Amino acid sequence: VENCRRLGPPRLYSDHLQVCMVLYLALLPLVLYPLYGWGTLIYYPVIMYVTLGLYMISEAIQEPFADANNPYMDLDLMAWAHQTCREVDGRFDMFIREFRSLRQRF
């Protein structure tokens, strides 16, 4: 179970996304200014806030279990693993009961 916590997604994905975001946000005013003129001063901060917010959410979702680097995600890894095991055991027990009842009919 601890391997899930230690093995995150490859860092290259996050780095690539970060570089693309910086380039996009750096070049965005050059595109917005001819279209909106001084309105760019209003639109650019809003677009930047939304884009950076989505980036931060995507970073947090990659590692949903709480740790020192990601305190906002409050999924307890062990509780999640135990609940999953209980659900699988329950389904397996239900499968066994159904199998035995079918076997008794024939």
Side-chain angles (χ1 to χ4, degrees):
V1 175
E2 283 298 318
N3 285 340
C4 291
R5 186 185 310 246
R6 279 185 300 207
L7 294 175
R11 190 71 197 153
L12 184 62
Y13 296 142
S14 297
D15 292 345
H16 178 69
L17 180 60
Q18 192 172 11
V19 168
C20 290
M21 293 267 304
V22 167
L23 287 174
Y24 171 75
L25 291 174
L27 298 175
L28 187 60
L30 301 175
V31 175
L32 291 179
Y33 185 74
L35 297 173
Y36 300 111
W38 289 101
T40 302
L41 296 175
I42 296 169
Y43 295 129
Y44 180 68
V46 172
I47 294 171
M48 186 172 60
Y49 179 77
V50 170
T51 306
L52 291 175
L54 290 173
Y55 173 73
M56 291 176 65
I57 290 170
S58 70
E59 286 288 314
I61 288 175
Q62 287 180 6
E63 298 180 28
F65 303 107
D67 62 357
N69 297 330
N70 193 7
Y72 303 109
M73 300 301 282
D74 59 352
L75 293 177
D76 182 18
L77 180 61
M78 293 308 289
W80 177 77
H82 289 301
Q83 178 184 356
T84 303
C85 287
R86 283 194 302 272
E87 289 176 7
V88 168
D89 285 342
R91 304 257 177 176
F92 187 71
D93 290 342
M94 183 179 69
F95 173 75
I96 294 295
R97 283 194 304 271
E98 290 290 324
F99 179 74
R100 287 181 182 163
S101 70
L102 285 174
R103 200 171 88 191
Q104 289 175 354
R105 289 185 200 168
F106 296 107

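What you see is a predicted model, and the numbers here were worked out from it, not measured in a lab. One is the number of the first residue; the rest follow in order along the sequence.
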A.B. asks: What is the distance from atom NE2 of His82 to atom OG1 of Thr84, rounded to the nearest 0.5 Å?
C.D. replies: 10.5 Å

A.B. asks: Drop me the distance from Gln104's CD to Phe99's CZ, to the nearest 0.5 angstrom.
C.D. replies: 11.0 Å

A.B. asks: CG/Asp89 to CZ/Phe92 distance, rounded to the nearest 0.5 angstrom?
C.D. replies: 8.5 Å

A.B. asks: Just verifying a value: how many Å separate Asp15 CG and Cys20 SG, rounded to the nearest 0.5 Å?
C.D. replies: 11.0 Å

A.B. asks: With a 4.5 Å cut-off on side-chain heavy-atom distances among I, L, V, M, F, W and Y, is there a chain of contacts connecting Tyr36 to Tyr24?
C.D. replies: yes

A.B. asks: Take atom CD1 in Ile42; do more than 12 heavy atoms of anything else shown fall under 6.0 Å from it?
C.D. replies: no

A.B. asks: Quick check on the hydrophobic clustering: are Met48 and Leu35 connected, directly or via other members, by side-chain heavy-atom contacts under 4.5 Å?
C.D. replies: yes

A.B. asks: Side-chain heavy atoms nearer than 4.5 Å, only ILVMFWY residues, links allowed to pass through others: does that put Leu28 and Leu52 together?
C.D. replies: yes

A.B. asks: Can you tell me if Thr40 uses its side chain to pair, donor with acceptor, with the backbone of Leu32 under 3.5 Å?
C.D. replies: yes

A.B. asks: For residues Leu54 and Tyr44: do they belong to one hydrophobic cluster (side chain heavy atoms under 4.5 Å, members Ile, Leu, Val, Met, Phe, Trp, Tyr)?
C.D. replies: no

A.B. asks: Look at atom OH of Tyr55 and say whether more than 12 heavy atoms of other residues, nucleotides or ligands are closer to it than 6.0 Å.
C.D. replies: yes

